[in-house]
Amino acid sequence: MMRQLLIATAMLTALASCSNGEKTARYLIDPPVPAERLPNRLGTAELKDVSLPEYASGDEVSWQSTDGAVRSNTKQLWADDPQRAVTLTLARTISDISGATVIAEPWPLAEPPRRTVEVRVEKALAQASGGYRLSGRYFVSDAGAGGANQARSFDITIPLAEKPGPAAIARAQSQAIAQLARQIATLGGPGSAIRTKAAPVPRLDDIFSQPLPPLEGS
């Protein structure tokens, strides 16, 4: 009986230590307020949920160790879902820096957006080499006739200390997102612009060759 009581007490103590929130650190993605103001080149745009690598979309803050492995700690977490946080933060920063109306999906306004922005992140990691790297591609779709569709890449590196902690990683990621927001706002980066083809103007003989609608009452 005493042995069972000791085991139960030990289990309760272990559970209490695991549920102690003070031992878990949570970090925000929060870019600095941009000081510059850029021209509005996007107008209204819906930002799709940013696509992140699996290691960057989990709750834990990840980094790369010197052996090349991607590691994390269950006590060092992001304060919000990474995909949601990156998407909302990127949309807000683009809007703040350019005056464009960029809103994360789903689009909440009655008037539909002129453009759609999609970001596919290929790497978002504090590297063993000492820098935080954010790379991938972004796409801006303009459905209007003659609109410019963009397909461009980004590769941003923020310097880090030799053995950065999660707070430094969070700051570096926030700075990288701010740089990416600037690049998207200016439609910059390697890539190309593809014009949306204008709808063809129907010829007169095509118009008159169509059958007439039936008369009312016939």
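Below, each value reflects all heavy atoms present in this structure, side chains not excepted, and no hydrogens, waters or symmetry copies.
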Exercise. Can you find a pair of side-chain heavy atoms, one from Phe154 and one from Leu134, that are under 4.5 Å apart?
Worked result: yes
Exercise. Between Arg114 and Thr44, what is the shortest heavy-atom contact and its length?
Worked result: N-OG1, 2.8 Å
For this session: Identify whether Leu180 and Val86 are in the same connected component of the hydrophobic contact network (ILVMFWY, side-chain heavy atoms under 4.5 Å).
Result: yes
For this session: Can you measure from CG (Asn40) to CD1 (Ile94) and round to the nearest 0.5 angstrom?
Result: 11.0 Å
Exercise. Going by the salt bridge (Lys or Arg N to Asp or Glu O under 4.0 Å) test, which pairs reach into residues 170-181, not counting sequence neighbours?
Worked result: none
Problem set entry | Heavy-atom closest pair, residues Gly58 and Pro82 | O-CG, 3.0 Å
Exercise. Of the non-hydrogen atoms in Leu187 and Arg152, which two are nearest, and what is the gap between them?
Worked result: O-NE, 3.2 Å
Exercise. Among the clusters formed by ILVMFWY side chains lying less than 4.5 Å apart, do Ile97 and Val102 turn up in the same one?
Worked result: no
Exercise. Rounded to the nearest 0.5 Å, how far does CZ of Arg195 lie from CG of Asp142?
Worked result: 8.5 Å
Problem set entry | Val121-Leu90 co-clustered via ILVMFWY side chain contacts under 4.5 Å | yes
Problem set entry | Partners meeting salt bridge (Lys or Arg N to Asp or Glu O under 4.0 Å) with Arg137 (sequence neighbours left out) | none
Exercise. Going from CG on Asn149 to CZ on Phe139, what distance comes out if it is rounded to the nearest 0.5 angstrom?
Worked result: 11.5 Å
For this session: Sort and list the pairs that fulfil side chain to side chain donor-acceptor pair (under 3.5 Å) and have at least one residue in residues 175-190, not counting sequence neighbours.
Result: Glu36-Arg182
Problem set entry | Nearest-0.5 Å distance that lies between atom CG in Leu88 and atom CD1 in Ile103 | 11.0 Å
Exercise. Considering all heavy atoms of both residues, which atom of Pro53 and which atom of Ala124 are nearest to each other, and what is their separation?
Worked result: CG-N, 4.4 Å
For this session: Answer yes if Leu52 and Leu47 sit in the same cluster of Ile, Leu, Val, Met, Phe, Trp and Tyr residues linked by side chain heavy atoms under 4.5 Å apart, and no otherwise.
Result: yes
Exercise. Would Arg120 and Glu122 pass as an ion pair if we require N to O under 4.0 Å?
Worked result: no
Exercise. Heavy atoms, side chains only, cut-off 4.5 Å: are Val140 and Tyr138 in contact?
Worked result: yes
For this session: Starting from Leu77, walk the hydrophobic network (Ile, Leu, Val, Met, Phe, Trp, Tyr; side-chain heavy atoms closer than 4.5 Å) and list everyone else you reach, by chain and number.
Result: none
Exercise. Is a donor on one side and an acceptor on the other found under 3.5 Å between the side chain of Asp30 and the backbone of Pro32?
Worked result: no
Exercise. About how many Å separate CZ of Arg133 and CG of Leu160, when rounded to the nearest 0.5 Å?
Worked result: 13.5 Å
For this session: Could you tell me whether the side chains of Gln76 and Tyr27 share a donor-acceptor contact shorter than 3.5 Å?
Result: no
Exercise. Are Ile29 and Ile184 co-members of a hydrophobic cluster defined by side-chain heavy atoms under 4.5 Å apart?
Worked result: yes
For this session: If a pair satisfies side chain to side chain donor-acceptor pair (under 3.5 Å) and one of its residues is in residues 50-66, list it, with sequence neighbours excluded.
Result: Glu60-Ser72, Ser65-Asp67, Ser65-Arg71
Exercise. Atom CD in Glu118, atom CD in Glu46: separation rounded to 0.5 Å?
Worked result: 10.5 Å
For this session: Output every pair passing side chain to side chain donor-acceptor pair (under 3.5 Å) with a member in residues 85-109, not counting sequence neighbours, ordered by first then second residue.
Result: none
